[in-house]
Every structure is written in C-alpha cells, then in structure tokens.
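Okay, so here's the structure we're looking at.
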Amino acid sequence: MHEKNIVAEIVEKRKKDIASRGYNFGFAIPAKRTRPVNQFMGEKGVILEIKRASPSKGDIAPDLNSPETAKKYRANGAAAISCLTEENYFKGSLKDLIEVCNAVPDVAVLRKDFLIDEEEIEIAYRCGADAVLLISGILTFEKMLSMVKKCASLGIRAFVEVRTNEDAEKVLRIKNAEDKKYADTIVCGVNSRNLRDFSIDLLVPAMLKEKLGGKVIFESGIETAEAAKKIGFMGFSGILLGEFAARNPSKAGEFVKAFKESDENLYGKNLIRLAEKISSKKAPLIKICGITRKEDLLLADSLGADFVGFIFGNGFKRSVFGPRFDAMKDELKNIKAFKVAVITQTDSAETRKAVELAEQGLIDFLQIHALSYEELPDSLKKIPHYFALTGKESIPDKDTAALVSFGEARFLQDCRAHAYAESSHLWLAGGVTPENAGELLEKFHPELIDVSSGIEDENQIGIKNPEKMKNLFKALR
C-alpha cells in the first residue's frame, strides 16, 4: 500500500509543467479541429485504452504504437478509445492524442488526463478529442461546473469519474444545475481503483451505480472476459479496459463480446444490493450460518444479522433440505437479512432446490463450497452467488487472486487456523466464538464474520444457544 497520495503528486507536477511549458506541454497543437465530433458512449460498449505505463504497474506497454493500437481497437469493436496524455507517470502525450484521432476518425476518442483548467479542454478539442476525463476528487464543484460548461460549448462530452459518495453528490449537483442544462454533456464513470493507494474494490462502482442513475461506466480492475460478463450482469452501460487492452490489443475483442452479450440479471441486481449494504454499514457484517430452526432464524434477524445461512448439502448434519427448511420457509419473506443457501455440488437435488429458491427470491445468494470457479456451469454463474475457500492451515493467495481475476468481488475464507490470504475486504470464518470474536475483529478488521458452531453447545449440532448468539453480537457491535 502506498502511503503517499499519488494523485496529489501528479497534479502538483502537472501544475509545474504547465507553468514552465504551457497547456500544450511544448507540442504543436492544430489551430482548429478537423475531424467531426463522434458521440462518446451513446450506446453500451467497451472503452479500450492507449496506455504505456501507470504508477501502480510501472511499464505496461512501453513500445506501444498509439495509432496502430487504435486501429486494432477499432477492429476489435471498441465503442470508444481512451488515450492517456499524462507524461510523468503514464508516458502518454498530446502527440498520442493527435495521432489516435487521425488514425480512427469514426471512433469516439477520450482524452484521459488529470485536467485542471478549461484551456486543456480547448486543446483536447482541437486535437480531435470527443470527450475529456474530469476527476471529481481533484476538482471543486465550481471548477468542475465551469469545465463541464466548456465541454458543452464545444459539443463534446465530459467523462466524469467518481469514487466516493461526495464525488457522486458533486456530479449530481452539476447534472441538476440550471434546469439540467448540462445533464447530457456528462457521462459518469466509477473507478474501482482507489487512486490514492491503487487498491481495487470491484464493488465500489456497484455501490454508486443507483445513486448516479442513468448510464454509468465501470472503470478499472477487469482482468478476464468472465469478469466483463459480471459487469454486464449489474447493468453497467460500459467498461473502461486499460491494462489488459494495452498488453493484448488483439485479444480485446473477447472482452467486448463478453460484455455486450451480457444483460442485467438477478445476480447483478443482488450484487448491487450487497454493495449498497456494505457501503451503508460499519464493519463487520455478521452472518449466522447453519441455521436449522425457526426460533434461531428469528433471533438472528432480530439481533441485526446481515446474513443468515442454510446448508443445502447431502451428508451434512446441519442440512435443512426437506422438512427442516419447509418449517422456516414462510418466515423468509419477513427476514431483513440476506438469505444464503450453502451448496457443495454443481448438480444435486439440494443444489437444484437452492437454485429454485433463489429464482423465487426466497434465497438471495448461493454460497459455493468445495468447487472451483472453472467447475461451475454457466447456469449457476448467473444465479446470485459467492465462493467459500476452505483450508485447515491457511488460505493460499493464489486461490483468492484467481477468484478476483474472474470478477468475484467477495468470497468467504474459512480457516480454523485463522491464516487468511491477504484481502482488504476479508470475509472471515472458522472457529469463531463469542469469546474470540472481538480479538479476531481487532486483528483482521474483517468486512464480514461468519459464525456457526461457535454459538452452539457441545453435541447440539444445528441448535443455536440464544445467550451465545446474543454475546456474539455484543462482542462485535
């Protein structure tokens, strides 16, 4: 994790460069624009990025030829092309922007940079850009409104990037200003990458999507076509694909196809609900799992559990498949917590029932145990779910990294030895009791704590002890 604020550093260097070299950074800029204005992100699609380097990754594609790469992007179905023009950290330039705009006259081009003045928008327009990036976090409301007005006067769009609720509020104020005069000038994007320390949270865009309303672009953190599908499942209107596209311009079409062919579905809607819960509550979220009785379900919900879990697995003593679940079923519609069905097989009577309940809205998520992502059929990938990784001694980093690469924004780590893989959004399970819960909270700062046998009495499998459950909530809240 970087302790310093890289964005602030970039902006300060930019101000010095402008003072010494001017807004054109020493490049010869066309006296007037020659290409027509292309609409930026009018339809669902993928923005592919001209990117040689970044502060978080160092060199990505240092020998990248910007006009030739732009042509490859167009051939691979890019809805728009983002061209980085920041020199110090991303090794881009206005020369790249001019060459890209000339190479693909019929594709919308975004100037991506840390713009701070209206003059820079005028220069981008003359170079041929159809949109410019405005980062909400580095601009005051007044400055951003002025820069959006400049875009509107030129007939190009402002791609406004947000990361926090405060950023989003600022954008909404501008969209609603002067009788919504500039609403159509703005295209909103949410960056899953924190520009202060470069950490990724794939749920941050989901946290802000509904708040922003309308078309929203998902930025950063996408590594596979599988991950791109999930962004489509959540109903985003676009993806900005940077590092992978720059490293593999000829393969970018896989992402474009995967995203454009994926439509909003139940998985995506429930993931947005989850993201909104995470953003609105103080950690940790609490999950009570292995529930087998109505009274335990009602007590967990009344105490404020965020998740309640039911085992749908053959051979498990806490399995509720059949009459046990039927006895609780009528209560589910009144339960405020997310309802989770734990499955261990891709196709069994228990799994089919859990899927049926999810499709009916009685179950919110499947928790998938003992299965790898590759084993999961496409039919199950469209059902709201998250994975659980189990390990007696530890959870390997490579296992969590694989899930992240497939766009799995959250997963449970179940380890009785409490040796978890590094995660800034840890969902923790394994040997949690009311006695050690506070210590685990202080040590790991988990986003979610999952408890099952730790609130049961010995030889009372599946029967929760009410006092132990109450003590658990006291320890964690």
Donor-acceptor pair, side chain of [X] and main chain of [Y], under 3.5 angstrom:
{"X": "N265", "Y": "Y267", "value": "yes"}
{"X": "Y73", "Y": "E49", "value": "yes"}
{"X": "S237", "Y": "V216", "value": "yes"}
{"X": "D167", "Y": "T164", "value": "yes"}

Salt bridge (charged side-chain N to carboxylate O under 4.0 Å, His left out) with [X]: which residues, sequence neighbours excluded?
{"X": "K381", "result": "E226, D378"}
{"X": "R247", "result": "E243"}
{"X": "D347", "result": "R352"}
{"X": "K339", "result": "D364"}

- So which pairs with a foot in residues 450-477 pass ring pair (Phe, Tyr, Trp, His ring centres under 6.0 Å), sequence neighbours left out?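 Every pair satisfying ring pair (Phe, Tyr, Trp, His ring centres under 6.0 Å) with a residue in residues 450-477: there are none.
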- Quick one: list whatever passes side-chain hydrogen bond (donor to acceptor under 3.5 Å, both in side chains) with K257, sequence neighbours left out. E261
- Could you pull out all residues at least two apart from R163 that satisfy side-chain hydrogen bond (donor to acceptor under 3.5 Å, both in side chains)?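 Testing R163 for side-chain hydrogen bond (donor to acceptor under 3.5 Å, both in side chains), a comparison that skips the adjacent residues, returns none.
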Donor-acceptor pairs under 3.5 angstrom involving side-chain atoms of residues 434-441: please list them, not counting sequence neighbours.
residue	atom	partner	partner atom	Å
E435	OE1	T433	OG1	3.3
N436	OD1	T433	N	2.8
N436	OD1	T433	OG1	3.3
N436	ND2	G431	O	2.9

In residues 302-312, what donor-acceptor pairs under 3.5 Å come from side-chain atoms, sequence neighbours left out?
residue	atom	partner	partner atom	Å
S302	OG	L298	O	3.4
S302	OG	L299	O	2.8
D306	OD1	K281	NZ	2.5
D306	OD2	I286	N	2.8
D306	OD2	R477	NH2	2.9

- Task: Would you mind listing every side-chain hydrogen bond (donor to acceptor under 3.5 Å, both in side chains) that reaches into residues 395-405, with sequence neighbours excluded?
- Result: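 side-chain hydrogen bond (donor to acceptor under 3.5 Å, both in side chains) check on residues 395-405 returns no pairs.
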- Which pairs pass side-chain hydrogen bond (donor to acceptor under 3.5 Å, both in side chains) with one or both residues in residues 316-334, sequence neighbours excluded? R318-E456
Table please: side-chain donor-acceptor pairs of residues 200-211 below 3.5 Å, with sequence neighbours left out.
residue	atom	partner	partner atom	Å
D201	OD1	L203	N	2.9
D201	OD1	R410	NH1	3.0
D201	OD1	R410	NH2	3.2
D201	OD2	R410	NH2	3.1
K211	NZ	E169	OE2	2.6

- salt_bridge(K470, E467) N-O dist < 4.0 Å: yes
- How are the rings of F244 and F255 set relative to one another: parallel (under 30°), tilted (30 to 60°) or perpendicular (over 60°)?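 The arrangement is tilted - the two ring planes meet at 30° to 60°.
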- Query: Which heavy atom of P249 sits nearest a heavy atom of T69, and at what distance?
  - Reply: CB-CG2, 4.2 Å
